[in-house]
Amino acid sequence: MSDKLKGDKPAGDKIQFFVLDVKYKVVNGKSEIYLFSKTKKGKSIIVIDTQFEPFFYVIPKKNHELSEKIEKLKVEKNEESYEVTKTETLKMNYNGKEVDVIKVYTNLPRDISVIRDIIKDWEMVASVNEYDFPFSRRYLADKEITPLTLLEAEVELIVRKSKVPVFEAKSLKQVGDDTLTEPKILAIDIETYNDGKAVDFEKNPILMVSFYGQNYQKVITWKKFKTKEKYIEFVEDEAELVSKFKEIVEAIQPDIITGYYSDGFDLPYINKRAQKYKVKLDLGLDHSEMSVTSRGVSKAKIAGIVHLDTFSVIKKLFSQSLKTDFYDLGSVSEELLGDKKTDVELDNLADVWDNHPSELGIYCEYNLQDSKLAFNLAEKILPNVIEMVKIVGLPIFDVTRMGFSQLVEWYLIKRSHLSNVIVPNKPGNEELKDRMINKYEGAFVFEPTPGLYKDIIIFDFRSLYPTIISSHNISPSMLNCNCCESEKVPLEGTDYRFCKNKKGFLAGVIDDLIQRRMRIKEMMKRSKNDLLDARQNNLKVLSNAFYGYFGFFNARWYSLECARSITAYGRYYIHQVIDSAIEQGFKVIYSDTDSIFMVLDGKTKKQAKDFADSINPKLPGIMELEYEGCYPSGIFVSAKAGAYGAKKKYALLDNSGELYIKGFETVRRNWSTIAKEVQRKVLDIVLKEDNPDKALRYVRGMVDDLRKNKIDVSKVIIKTQLKKEIESYDSIGPHVAIAKRLRNQGQDVVVGMIIEFVVTEGKGKIGDKARLPSEVIDNKYDSEYYVNNQVIPAVEMIFKVLGYTKDDLASEKEQSKLGAFFK
DNA sequence: CATATTCGGGG
DNA sequence: GTGTACGAATATG
C-alpha cells in the first residue's frame, strides 16, 4: 500500500472510504464495479469489486425441472456467446404472496437481456423480473451500499490505468452512518460569443471561462487587454482556453464540479469546442473522457468527478419552497443566497470583444461572479443532495437527475430488496397504451370568486396525500382483501376497500417516511439545524411524489385503483373542511386540493385557529389540518375559460409587505417588454398601494402611448426561437415567416436562432404583418395588435377582478371592445 | 375546437 | 447503458 494512504488503514488490509460515483467495466471478460471514492483522510481512490455477478429472477408456474433447463442455456448470437452461469432457488414475495423463484446468474451484464428474451417466452414461466436494472445500481441495492456513507473494505493495491490509487476489494461492507464532509467543489461558468440571437455551439467560440473554488478564482480569456485583476489570465486562442480548462480541473482535483445549467450549456459547450480542436477531455479519474449524452436536456458526466448541476436540483427540490416563479441564476441566487447579481449587457459582449477589448474587464468580472454564485448555490444545496443520496441510495449524479417517479421507484426498489420483495416489471407496450387512456378524477378545486380580499386565512392539510395513503393503507396488494371488513373508499361506482389487518408494502414505506420526518421535526424543535431541515424537506418531497407515482403510466407499482382512491379521499376530506367552515360562519374564497383560503370577515384570528382545532380530532390516523398563515390582502384572478380545473392565479401580500405572486406568467421571452412591464407595474400598484384607479390610469396611459406610437419599437419586439429547419414547418408562424425573409436577404439562418420581430400594420395573418425590428421606421408598429394581444391580455384578468370590465369582457374573442374601454 | 409549436435554463 | 426521459401555455388552421 502506498505511504500516502497509511493513515486510512486501521488494521490488516482494511480501508475506510466514501463512495462518490460508481460505474462498471468489462475487463478480460468479467465485469468489474468501480467505486470512485474518497478516504476518511480525503484522498481520492478507486476501489474495484470483481465479485459481483449479474442476475435476474424467473418465477416459474410450477417448479418442475426449470432450474436445470435454465442452467443449460447457452446462446450464440453474432459470434458471441451468452450463457447462464448458475441458478439458485429462493423464496421471495411477489404481489403480496410468497413464491418460489429462480435466481439466474450470467457472466456479463449484457448477457441478461439476451438470456431473458429467450426464457420469457417459455411455457412454464410465469414471469421474469429485475432484468433491466443498470448494473451499478443493481450492485448498490444488492450490496446495501449507500454512497457518501462510510464503507470498509479489505483491499489490495493493484495496477490499473488511473490518476489515483486503485484497490481491489476482497470484502466490503457499510460501516455506520458517517457521512462524507466537505467535498472539494469547483464551480465553472463560460461566456460565449453571441450577437444576441442564436446560441450556436458549432459557430460561436467560448470567449472566457471562470473557475471558483474554496481558495481559487480564475478567469481565462483569449483576447488581451490591460487589467490589474490578478484572477484574469490570458491564453492565445480558444483551443488553448479549452486545454487550459482541462489542466485546471486536473490540477485542482475537485470531488464535485458544478455550474448553473451546466448540463444543458457549459459542459456540453466546452465538449463541443474541444472536439473541434481535437482536445481530448479525458478528465475521468480512470482517464475516460467526459461524456455528454443528449436526450432532452443533455447530461455531462465525468468518471470520478461528480458533476452537479445546481439548476436542476433547485428546480426539483426547492420549487415548492421558493417564492420565485423564475429559475434564472439571478432570481435563484437572490432568494437562496440573498446575493443580488450584478448584470451586464450581454448582448454587447460580441461587439465589445470585436471592437472594444479594453472594456472586457467587466465581462470577466461578470463571468467570475456567475461561478461564484454557482459555487455558493452548490454549497447551499449540498445538504439536501446528500440527504437525498442517503434516502434513495444512489450516487449524487443519479439522484440529482432523476425525476420524482424515478426517485420514488428506486427508493421502493431499495426497500424491496430489504423486504425480500420481487420488483414488478415496467409495463409493456400494450399495457402502456391502456394506462395512458385511463383518466380519473383528480383533486377538488373550489373556484375562487375573483376579487380583492382583506385578511385572508389559509389552512393546509399537512401532506394530504401521503397521510391518506398511510391512514387508509392504500397499497396495490391490499386492495379488496378477503380477510377483513374494511371501510369502502368514498368513490361512487366502485367497491374499493383496503385491508385493515395487514400493512401494505407501499403504505408501509410511506408510513416509514412520514414517521422519520416527524422524528426529525421533533429533533428540530430542540435544535434547528440545516442538515435536519434538508432531510425533512427531502422526506416530504419524496412522500408527496408517491401519489403521482401510483398514477404514472410508466411506474412499476402503477395502480389506478390506488390513485383514484387517494384523490377520492382527498376530495372527501377537503369537502368536510369547507362544509364545516361555512357552517361556522367563515367565508371560503378558494380551495385547491389540500388548502383552503377564507376571509376573517369580522371573526378573529383566534377563532380561525380554533376552527382547525375543531377539525383535527375528527380526522383519522396521522391526518392533520394546519393553520398556514394570515395575509392582510390578496387578489384572486379567474383562470381563462376552458381550462379544466381552474389554474391557481393569485397574488398575496404578506405581513412584511412582500408579494407572493402565483401563476402570472409573463416573463417568457415571447412576450414583448411592454406587456411584461405593464403587468408587473399593475400588480404592484394594486397590491402594494391598494389603488386600482391609479393602476387603471397607468394602463390607459400606456395604451394611449402605444396608439400614438410613442412607445419605442424596442419594447414591442417579440422573440421566438426557430426550433427546426424552415422547410420542416407545417404551419408558418410569424417567426418562421421572418426567418424566411432573413434568408432571402442572404443572412445566415440557423436552427436555434432567436427570431426577433415586430408586428406592423397591414392585412392578413400575423405572419404577413411581422417585420424585422430594423425594418420598422418611426415606431410604425401595429398599435392595435400590441394593445389587444399583448398589453391587455397581460392585465385583463386583474382588471376584471377589480370590477372595471364587466361588460367589455363578456366576449372573449372581441378583445377590441376591451381596447375601446381603455380609451 | 383540435393540432402544432414553443417555453424552460444557458449567451 | 441489463436504459428512459415533461408539462404547460399559446398560436394557427
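First the proteins, then the strands, lettered A, B, ... as listed; each starts at 1. As the structure is a prediction and not an experimental result, all values here were calculated from the model. For the numbers below, each heavy atom of this structure counts, side chains included, while hydrogens, waters and symmetry mates do not.
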Donor-acceptor under 3.5 Å (A/Arg273 side chain, A/Glu202 main chain): yes

Pairwise N/O distances under 3.5 Å, protein to nucleotides 3-5 of chain B:
{"residue": "B/dT5", "atom": "OP1", "partner": "A/Asp730", "partner atom": "N", "Å": "3.0"}
{"residue": "B/dT5", "atom": "OP2", "partner": "A/Lys724", "partner atom": "NZ", "Å": "3.2"}

With a non-hydrogen cut-off below 4.0 angstrom, is [X] in contact with a base, only sugar-phosphate, or nothing?
X: A/Asp111; value: nothing
X: A/Tyr269; value: nothing
X: A/Phe311; value: sugar-phosphate
X: A/Arg138; value: base
X: A/Asp370; value: sugar-phosphate
X: A/Lys299; value: base
X: A/Phe56; value: nothing
X: A/Leu108; value: nothing
X: A/Asp132; value: base
X: A/Phe55; value: base
X: A/Leu207; value: nothing

Among the candidates [options], find the nucleotide nearest to the side-chain atoms of [X].
X: A/Pro734; options: C/dT4, C/dA11, B/dG11; result: C/dA11
X: A/Tyr327; options: B/dG11, B/dG9, C/dA5; result: B/dG9
X: A/Asp328; options: B/dG11, C/dT12, B/dG10; result: B/dG10
X: A/Tyr260; options: B/dG11, B/dG9, C/dT12; result: B/dG9

Taking 4.0 Å as the cut-off, does a side-chain nitrogen or oxygen of A/Asn554 come that near to OP1 or OP2 on C/dT4? no

Taking the ring of A/Tyr24 and the ring of A/Tyr139, is the distance between their centroids below 6.0 Å? no

If you take the centroid of each ring, where Trp contributes its six-membered ring, are A/Phe133 and A/Trp410 closer together than 6.0 Å? yes

Which label fits A/Tyr786 and A/Tyr781: parallel for a plane angle under 30°, tilted from 30 to 60°, or perpendicular past 60°? perpendicular

Look at the rings of A/Tyr549 and A/Trp557 and say which category their plane angle falls in: under 30° parallel, 30 to 60° tilted, over 60° perpendicular. tilted

Under a 3.5 Å threshold, yes or no: a donor from one side chain and an acceptor from the other, between A/Tyr212 and A/Asn376? no

List for me each residue that meets side-chain contact (heavy atoms from CB on, under 4.5 Å) alongside A/Gln369, sequence neighbours excluded, and say none if there are none. A/Lys341, A/Thr342, A/Tyr366, A/Leu373

Listed by chain and number, what are the side-chain contact (heavy atoms from CB on, under 4.5 Å) partners of A/Val306, not counting sequence neighbours? A/Leu20, A/Ile256, A/Ile396

Side chain A/Tyr261 and base B/dG9 donor-acceptor under 3.5 Å: yes

Does any donor-acceptor pair link the side chain of A/Asp263 with the base of B/dG9 at a separation under 3.5 Å? no

